Amino acid sequence: MANITAAMVKELREATSAGMMDCKAALAETNGDMEAAIDWLRKKGLSKAAKKAGRVAAEGLVAVESSGHSATILEVNSETDFVARNDGFQAFVREAAKIALNGNGTIESLEAATFPGSSTTVKDRLQELIATIGENMTLRRVAKLEVSKGVIATYVHNAVTEGLGKIGVLVALESEGDVGVLGALGRQIAMHVAATNPVALDASGVDQATVERETAILRDKNAGKPDHVMQKIIESGLKSYFKEVTLLEQPFVHDPSKTVTQVLKEAESKAGKPVTLKAFVRYALGEGIEKEEAPDFAAEVAAQAGLKA
């Protein structure tokens, strides 16, 4: 029997995107013959993943998972919403989110982690799922929040099942106050984040490129004004912009007469201690992914037939 090396397994994995153990088995069955091993995997249906990799995956699920003073949020994409309702896909996403709780908040650490109940990695398990279901899937992004004291509230909008849905939010509240009060407040703020999609916690967190773009718009809209007037217009315009897009300055959706900052301050009396909104994360499924246009089959057939659609 041929000596199957790690390099051979790696080469076969790169060629087929099949799982590590499947590659090892294929090489063992074919005495180390690379081409024969590829054929073996194809016959078993385990090299399908490579053919799916180029397809756009913009559907799927967002998962949230929490434990004590840490929580994670994960987006896993598929090609169709039909797969997002598949029990096997949902089980994988839920398990991957739990695994991410023990990671460092990066996709790389999640991919390299061992999938429970097997000797394969999370990345390998996903490749096996692709081969089984027949669609491209990707571990797109993951984030992790931690607090030394307080709570991390979670919320899922349009949930298909507990902890899985189309929009997921984490909100970290740092406080030594009453955990029950903090949990209820955190969930309300998480719902607010889901609804308003703030770009940052406060003005200092707004990306500089965004500030420059807003400034340029204000300049263009007020072209011809004297410099001292223009400066006041820009300052006022940016102040209004920050009130709209930063979480702490936004009107609270559950009581628009108050800002989120005011709600936090009022909550301190109920919690019994100061409350700080430390961070938040919001994932909306597929945001930023350029989706492929659905083909116009009628126009395509008409064009081939030399007719007008």
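None of these values were measured; they are calculated from a predicted model.
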Between [X] and [Y], what is the shortest heavy-atom contact and its length?
X: Leu238; Y: Leu218; value: N-CD1, 4.0 Å
X: Ala37; Y: Leu12; value: CB-CD2, 3.8 Å
X: Ala200; Y: Phe280; value: C-CE2, 3.7 Å
X: Thr161; Y: Gln90; value: CG2-OE1, 3.9 Å
X: Ile152; Y: Leu145; value: CD1-O, 2.9 Å
X: Ile99; Y: Pro116; value: CD1-CD, 3.4 Å

To the nearest 0.5 Å, how far apart are [atom1] in [X] and [atom2] in [Y]?
X: Asp22; Y: Leu27; atom1: CG; atom2: CG; result: 11.0 Å
X: Leu173; Y: Leu277; atom1: CG; atom2: CG; result: 5.0 Å
X: Leu126; Y: Thr121; atom1: CG; atom2: OG1; result: 9.5 Å
X: Leu139; Y: Glu111; atom1: CG; atom2: CD; result: 5.5 Å
X: Gln208; Y: Thr215; atom1: CD; atom2: OG1; result: 8.0 Å
X: Asp202; Y: Thr261; atom1: CG; atom2: OG1; result: 8.5 Å

Do you reckon [X] sits in the same ILVMFWY cluster as [Y], going by side-chain contacts under 4.5 Å, direct or chained?
X: Val171; Y: Val156; result: no
X: Val93; Y: Ile130; result: yes
X: Val260; Y: Val199; result: no
X: Leu164; Y: Val122; result: yes
X: Ile167; Y: Val160; result: no

Charged N to carboxylate O under 4.0 angstrom, [X] versus [Y]?
X: Lys239; Y: Glu249; result: no
X: Lys232; Y: Glu235; result: no
X: Glu95; Y: Arg125; result: no

Show your working on side-chain contact (heavy atoms from CB on, under 4.5 Å) between Asn222 and Val229 and close with a plain yes or no.
-> CA-CA 10 Å; Asn222 296 279; Val229 174; over 6 Å; no
Any donor-acceptor pair under 3.5 Å from [X] side chain to [Y] backbone:
X: Glu75; Y: Gly286; answer: yes
X: Lys258; Y: Phe252; answer: no
X: Ser70; Y: Ser67; answer: yes
X: Thr259; Y: Gln250; answer: no
X: Asn77; Y: Met137; answer: no
X: Thr276; Y: Lys278; answer: no
X: Glu79; Y: Asn136; answer: yes

Any side-chain heavy-atom pair from [X] and [Y] closer than 4.5 angstrom?
X: Met20; Y: Val9; value: yes
X: Asn197; Y: Arg282; value: yes
X: Val76; Y: Phe89; value: yes
X: Leu248; Y: Phe242; value: no
X: Leu185; Y: Val263; value: yes

Any chance [atom1] of [X] has more than 12 other-residue heavy atoms, nucleotides or ligands included, within less than 6.0 Å?
X: Glu162; atom1: CD; result: no
X: Asp227; atom1: CG; result: no
X: His157; atom1: NE2; result: no

Go through Thr210 and Tyr241 one step at a time and tell me if the side-chain contact (heavy atoms from CB on, under 4.5 Å) criterion holds.
-> CA-CA 11 Å; Thr210 300; Tyr241 175 73; 3.2 Å; yes
side-chain contact (heavy atoms from CB on, under 4.5 Å) between Leu74 and Leu61, worked out | CA-CA 8 Å; Leu74 170 69; Leu61 289 169; over 6 Å; no
Not counting sequence neighbours, list each pair that qualifies as a side chain to side chain donor-acceptor pair (under 3.5 Å) and has a residue in residues 163-189.
-> Asp81-Lys166, Ser148-Glu174, Lys149-Glu176
Might you work through the side-chain contact (heavy atoms from CB on, under 4.5 Å) test for Val253 and Met191, ending with a clear yes or no?
-> CA-CA 9 Å; Val253 293; Met191 293 173 71; 5.8 Å; no
Would you please name every residue forming a ring-ring contact (aromatic ring centres under 6.0 Å, His included) with Phe115, sequence neighbours left out?
-> Phe92
